[in-house]
Number of protein chains: 2
Amino acid sequence: MDDSGALRRQRGRPRDPEMEARVYSVVVLVFAEKGWAGFTLDEVARRSGVGKASVYLRWRDKRELLLAAMRDRLEPFRGWTHTGDLREDLKAMARYVFRMYWGWAGLAIMRLWLDARTYPDLFAELQNFYLFGSVKMVEDMVRSAAARGELPASTSPALVLGTLFGVATVQVSMAPPAPDEDVAYRTEVYVNQIVDMVLHGLRTADAGTAS
Amino acid sequence: MDDSGALRRQRGRPRDPEMEARVYSVVVLVFAEKGWAGFTLDEVARRSGVGKASVYLRWRDKRELLLAAMRDRLEPFRGWTHTGDLREDLKAMARYVFRMYWGWAGLAIMRLWLDARTYPDLFAELQNFYLFGSVKMVEDMVRSAAARGELPASTSPALVLGTLFGVATVQVSMAPPAPDEDVAYRTEVYVNQIVDMVLHGLRTADAGTAS
């Protein structure tokens, strides 16, 4: 890959990290509130106080701007490594997912997954920057726990990931608004319940399917 | 409750069940594609082939129309009773949730929960027609299983519900499009994995939290 594109961009219009950060924050807010159907570059320009011309010069269209903002703000588990303590690692992951989903960026990413079902060109991008990294991290964690004999070798990483992200999605979506300290307390209760269920469930599930 | 409202409506404009059914189907489609920010009565009228005037006479605004359609199409577990076989009941519930989420009505309801976070007057309605009935059903199921000694008395119905709905949400949202027979096969695999994990996890979780 040559870098003539990057050079062209640099020559034409020097990057302005402060402006980008401001725009990205507004993108996450507007998208969290309205999703793809209500998301416009005009509203982003207005609410970020950046001129429309600058926004249109820097990003080609709303798809490019949205994906740039999401990549910047929300690559889950970037730089994480598992510690080898399976229970603590799962709890840290679950806490991370809850914290993300209670906030604007989490609402934006939940919306983006639903939008990707009807706008398929968003789907491949989402897989690349969001899903594959998370799957890889959970696969490593499960494989290493299986090697230590803490989980059956047949454990499905997709089920672990689906449970951590899924229960958080449902609890956050269906919870009435509450003060921050209640949210923090409830999160810790949920995290412990989920991790207990997952660990006990996966360790004994291998024993057979008879109830 | 008197029925003068119903009488007034009947006199002014006789209900037309065939027209309503057609409009409700289109509401679910349009809302599934676009969510609240992109949902308009004009598009519903156009795509359903029903005159705009009729739509505006029958439903006051887009909120009333949306909620009427969702109530009509999607009261989960309406009329269900649990059989007393916990594993089979959980599998039937999980299958129902997956089937719902793979379809347009499921995408619409997932969107509606996210929209309810930024449009709070949608939230109370959603709780009433969607959440409370499901919670009640799972509570009955868990209580009855606990009475038979099949689950610890401390089992959290919210965790059971969150796991069934949550794993389905994540698996459906993050799955690439696939032929129907693949979807049916994968659903059955997921259903068995989830129910195994939930049953084993909840039965042993009570034993303590030491890993």
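All figures in this text were calculated on a predicted structure; none of them were measured in a lab. Order of the sequence lines fixes the chain letters, A, B, ..., with proteins taken first and strands second; residue numbering starts at 1 for each chain.
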Greatest number of heavy atom pairs closer than 4.5 Å to chain A - which of L126(B), L164(B), V170(B):
V170(B)

Heavy-atom contact with chain B under 4.5 Å, split by part of Y119(A):
side chain

Which atom of Q193(A) lies closest to which atom of S156(B), heavy atoms considered:
NE2-CB, 3.6 Å

Which atoms of P120(B) approach chain A - backbone, side chain, both or neither, heavy atom under 4.5 Å
neither

Need one label for F123(A): side chain, backbone, both or neither, based on atoms under 4.5 Å from any heavy atom in chain B.
side chain

Among L86(B), T118(B), L114(B), V167(B), which residue has the highest count of heavy-atom pairs closer than 4.5 Å to chain A?
L114(B)

Side chain, backbone, both or neither of V195(A) within contact of chain B (heavy atoms, under 4.5 Å):
neither

Which region of A175(A), side chain (C-beta onward) or backbone (N, CA, C, O), has a non-hydrogen atom less than 4.5 Å from a non-hydrogen atom of chain B, or is it both or neither?
backbone

Flag, side chain of R117(A) to backbone of W102(B), donor-acceptor distance under 3.5 Å:
yes

In terms of heavy-atom proximity below 4.5 Å to chain B, should E33(A) be classed as side chain, backbone, both, or neither?
both

Which residue out of M110(A), Q171(A), R111(A) racks up the most heavy-atom pairs below 4.5 Å with chain B?
R111(A)

Those residues of residues 34-42 of chain A that come under 4.5 Å of chain B on a heavy-atom basis, listed by number, are K34(A), A37(A), G38(A)

Of all of L131(A), T169(A), T163(A), L107(A), which one pairs up most often with chain B through heavy atoms under 4.5 Å apart?
L107(A)

